S.K.: 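The following block contains the structure, expressed as structure tokens.
Just the heavy atoms: all of them, side chains too, but no hydrogens, waters or symmetry mates, feed the values below. Lettering follows sequence order; numbering is per chain, from 1. Please read these numbers as outputs of a predicted model, since none were measured by experiment.
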Amino acid sequence: MSNKEIAKLLRNVAAAYTIKDEKKFYFQIVAYQKAAEAIEGLTSELKDYYAEDKLDEVPGIGVTLKSRLEELFKKGKVAHYEWALSGIPQAMFPLLDIPSFGPKKAYKLVKEFNLKNPDTVIDDIEKIAKEGRIASLSGFGEKSQSDILRAIAEFRKGSGKTTRMTLPFASEVAEKMLDYLRKSPDVIRAEPLGSLRRSSPTVGDIDIAVASKNPKAVLNYFIKYPYLDRIIEKGSVSSSILASGGKQIDLLIQPPEGFGALLQHFTGSKNHNVHLREFALKKSLSLSEYGIKNTKTGKSTQYSSEEEFYKAIGLEWIPPEMREDTGEIESAAEGNLPKIIELSDIKGDLHLHSSFPIEPSHDLGVNNFKEMLAVAKDLNYEYVGFAEHNPSVSKHTPEKIYGLVSRRNEAIEHILSDNKSIRIFKLLETDILPNGQLAIDNKTLETLDGTIVSIHSVFNMRKDEMTKRVIEGLSHKKAKILAHPTGRMLNERPGYELDWEKIFEFCIKNNKALEINSWPTRLDLPDSLIREAVNRKIKMVIDTDSHAKDQMYLQKYGVEMARRGWATKSDIVNTLSYNEFREWLKI
DNA sequence: GCCGTTTTCGGCCCGACTGTTTTCAGTCG
């Protein structure tokens, strides 16, 4: 079961409790929603937590939920949930995926019209609304009837909460709106917040905060956005719109003197905020987007910066990437937050595919050495590594492969002789074959400074076999880095199965590094595995896997994943100087 | 059902907005 399916199950249980007895089950409902939120936000599979007996490390999962989830993974169902969901019409649950449908509304409609089939319930509701039979129900009216029809239509188009954007795409959507907002004389500051500011690997909707002394004017300006599809809601301090392309943009406004509280509130995550507010409440401080209220004196205070806001709760400022309620509040309270890595710490990119005609097994790059070095210079790098895919094994003899790689090496030497500013490592990205052997032989590997290894074929092996394959591939003394270690592609495929316990153990013993691949649809390692690797002092390297020079600027996304995994400079080997990195390659 | 800078029992974030309402329920972030 995927994280999404599990979260859906927990939300369904919460919805069932809401229908059965909202008051009696109030805190279970909250707990189930919180756990669902946490599971949805995970960037590794919950199944892997289960496999390593770490379910209760997920915030919001305690003793009871742990045992229920274990039952789910073992048997595919949970007896207690079968009971909880019994007596509740199954047809209400698909409706909950549609924005504006909650448990009460879904239940009332399904019950009222005696709808039984979950597979057709959305069609059924649509038909009933079109016939005008919803408006007459108590609690409903003409407006809510037409809203239902529109919500269903938008849901079908895949807008709203169903599809999530990759980070660069989300940034683009946000930038367009920010450019627009900053043209308004009433906008003093405008910042993208929410999961985009936390650099979550995928982003659902765009959240923007504005500092202004005239919120009304800004709101009126906001809803005149040229790429507006429709206004979802508009109040006195906030508004939501659907932009063309089906992406929701939420706006919140505060005066500049209260902007710090707004930044904090709207950056989230939800579970971070809930935990932070509970923490503050113990100090008689009640937090909101307006500021901090002392519950004893009743005195409210505004904060213009986030740093002051956190300080007022007795905490050091927590970087947005860490605000997922995975222990950052406790660490901040103890003054133990690690100093996480920054983009400027990176001294090189070791995973570059040039256009050198090496006749590779997979894609060749489109730019030559010099063109890529020019970008490296722009990025202030000390060194780079060229790591084209190994020459195709099926098309060439080992002798031919040796010749191709040697020619590439000579071409690099030639560049080096008239290039003083940036050093170059002669690497390759070598396939690990299904039997664990590397795709090219020792004689050729010996000509390299080292090699990156990775899986590019036969993804569907058993977990133990895949683990053996990877470890065997990494065992070669020239193999130093495992590229895109999980093989996941965001919004496409989950990645192959690996026994991380064994991989970590092997890496630490044999001084191998795991790559954090910055490619926006990979972002692989996922942040939770980065966090795990950091805890075990395993070295990582942040690379772009660039096949074109402009892609080298994507390095920031890998750095952001490292930050989400609490990695410091010392965890990442390409923060080392040229000489230090050279030494590390030889160990 | 979770969780611990008052606690292993007894608490549990805070507010905006909309539609259908005569004062509030439902949904959302």
S.K.: Write down the partner of B:dT8 under the Watson-Crick or G-U wobble criteria, each distance required to be under 3.5 Å.
M.R.: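 Base partner found: none.
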S.K.: For A:His272, report the nucleic acid contact type (base, sugar-phosphate, nothing); a contact means any heavy atom under 4.0 Å.
M.R.: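 Counting heavy atoms under 4.0 Å across all strands, no contact is made by A:His272.
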S.K.: What is the distance, to the nearest angstrom, from the CD1 atom on A:Ile19 to the C1' atom on B:dG26?
M.R.: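 Computing the A:Ile19:CD1 to B:dG26:C1' distance gives 11 Å.
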S.K.: Toward the 5' end of DNA chain B, which comes first, A:Tyr81 or A:Lys104, by nearest nucleotide?
M.R.: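 Upstream on the strand: A:Tyr81.
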S.K.: Say you pick atom P in B:dT22 and the same atom in B:dC28; how far apart are they, in whole Å?
M.R.: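 Looking at atom P only, B:dT22 and B:dC28 are 23 Å apart.
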S.K.: Rounded to the nearest angstrom, tell me the gap between atom CD1 in A:Ile98 and atom C1' in B:dC28.
M.R.: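 Result: 16 Å.
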S.K.: Using a 6.0 Å distance limit plus a 45 degree cone around the ring axis, check whether A:Lys111 lies over the aromatic ring of A:Tyr107.
M.R.: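 Negative - A:Lys111 is either too far from the ring of A:Tyr107 or too far off its axis.
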S.K.: Expressed as a whole number of Å, how far does the C1' atom of B:dT8 sit from that of B:dT18?
M.R.: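 Roughly 43 Å separates the two C1' atoms.
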S.K.: Mind calculating the distance between CG (A:Leu137) and P (B:dG26) to the nearest angstrom?
M.R.: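 Between P of B:dG26 and CG of A:Leu137: 13 Å.
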S.K.: Using side-chain heavy atoms (C-beta onward) and a distance below 4.5 Å, is A:Ile241 in contact with A:Lys234?
M.R.: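 SC-SC contact between A:Ile241 and A:Lys234 ruled out.
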S.K.: For the pair made of CD1 in A:Ile39 and P in B:dG1, what is the distance, rounded to whole Å?
M.R.: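 In whole Å, B:dG1 P and A:Ile39 CD1 are 14 Å from each other.
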S.K.: Write down the distance separating the C1' atoms in B:dT23 and B:dG29, rounded off to the nearest Å.
M.R.: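 Per the computed distance, 25 Å lies between those C1' atoms.
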S.K.: By the definition side chain to side chain contact (heavy atoms under 4.5 Å, CB included), identify the one residue from A:Ile152, A:Val121, A:Ile148 that meets it with A:Leu95.
M.R.: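 In the set A:Ile152, A:Val121, A:Ile148, the residue that makes a side chain to side chain contact (heavy atoms under 4.5 Å, CB included) with A:Leu95 is A:Val121.
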S.K.: Checking all strands, does A:Tyr32 fall into the base, sugar-phosphate, or nothing category for heavy-atom contacts under 4.0 angstrom?
M.R.: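 Answer is sugar-phosphate: A:Tyr32 comes under 4.0 Å of backbone atoms only.
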S.K.: Heavy atoms under 4.0 Å is the rule here; annotate nucleotides 9-19 of chain B 5' to 3' with B where the base is hit, S where only the sugar-phosphate is, and - elsewhere.
M.R.: ---BBBSSSSS
S.K.: Salt bridge or not for A:Lys8 and A:Asp97, using N-O below 4.0 Å?
M.R.: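 Salt bridge between A:Lys8 and A:Asp97, a charged N being under 4.0 Å from a carboxylate O: yes.
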S.K.: What is the distance, rounded to the nearest whole Å, between atom CG of A:Asp250 and atom P of B:dT27?
M.R.: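 Those two atoms, CG and P, are 18 Å apart.
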S.K.: B:dC13 and B:dC3: how far apart are their P atoms, nearest whole angstrom?
M.R.: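 That atom pair is separated by 13 Å.
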S.K.: Are the side chain of A:Arg564 and the backbone of A:Arg198 linked by a donor-acceptor contact shorter than 3.5 Å?
M.R.: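 Checked: pair present.
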S.K.: Can you tell me how far P of B:dC2 sits from CG of A:Leu55, to the nearest Å?
M.R.: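 The distance from CG of A:Leu55 to P of B:dC2 comes to 12 Å, rounded to the nearest Å.
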S.K.: For the P atoms, the ones on B:dT20 and on B:dG26, what distance do you get once it is rounded to whole angstrom?
M.R.: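 One P to the other, the span is 14 Å.
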S.K.: Identify which nucleotide among B:dG4, B:dT27, B:dG29 has an atom closest to any side-chain atom of A:Glu330, counting heavy atoms from C-beta outward.
M.R.: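 So the nucleotide nearest the side chain must be B:dG4.
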S.K.: What distance, rounded to whole Å, do you find between the two P atoms, one in B:dT6 and one in B:dC12?
M.R.: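 That atom pair is separated by 14 Å.
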S.K.: Relative to the 5' end of DNA chain B, which residue comes earlier, A:Phe266 or A:Gln145, by the nucleotide with the nearest heavy atom?
M.R.: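 The 5'-side residue here is A:Gln145.
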S.K.: Between B:dC17 and B:dT21, how far apart are the two C1' atoms, rounded to whole Å?
M.R.: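 15 Å, rounded to whole Å.
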S.K.: Parallel, tilted or perpendicular, judged at 30° and 60°: which one describes the rings of A:Tyr17 and A:Tyr32?
M.R.: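 Answer is perpendicular, since the angle exceeds 60°.
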S.K.: Please classify the nucleic acid contact of A:Ala35 as base, sugar-phosphate, or nothing, using heavy-atom distances under 4.0 Å.
M.R.: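 Answer is nothing: A:Ala35 stays at 4.0 Å or more from every strand.
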S.K.: Please report the distance separating the P of B:dG1 from the corresponding atom of B:dT7, rounded so that it comes out in whole Å.
M.R.: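 These two P atoms come out 26 Å apart once rounded.
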S.K.: Is the terminal nitrogen or CZ of A:Lys20 (NZ for Lys, CZ for Arg) located under 6.0 angstrom from the six-membered ring centre of A:Phe25 and within 45° of that ring's axis?
M.R.: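 No, A:Lys20 does not sit over the ring of A:Phe25.
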S.K.: Side chain of A:Lys282, heavy atoms from C-beta onward: which of B:dG4, B:dG29, B:dG1 has the nearest atom to it?
M.R.: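 Comparing B:dG4, B:dG29, B:dG1 against the side chain of A:Lys282, the answer is B:dG4.
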S.K.: Can you say whether the rings of A:Tyr50 and A:Phe73 are parallel (under 30°), tilted (30 to 60°) or perpendicular (over 60°)?
M.R.: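 Judged by the thresholds at 30° and 60°, the geometry between A:Tyr50 and A:Phe73 is parallel.
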S.K.: Could you check how far CD1 of A:Ile134 sits from P of B:dT20, rounded to whole Å?
M.R.: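 Atom CD1 in A:Ile134 sits about 12 Å away from atom P in B:dT20.
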S.K.: Between A:Trp83 and A:His80, how do the two ring planes meet: parallel, tilted or perpendicular, split at 30° and 60°?
M.R.: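 Tilted.
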S.K.: For A:Leu95 and B:dT27, give me the distance from atom CG to atom P, rounded to whole Å.
M.R.: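 One finds 11 Å between P of B:dT27 and CG of A:Leu95, rounded.
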S.K.: Where the side chain of A:Asp205 is defined as all heavy atoms beyond and including C-beta, which of B:dT27, B:dG29, B:dG1 is the nearest nucleotide?
M.R.: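 Comparing B:dT27, B:dG29, B:dG1 against the side chain of A:Asp205, the answer is B:dG29.
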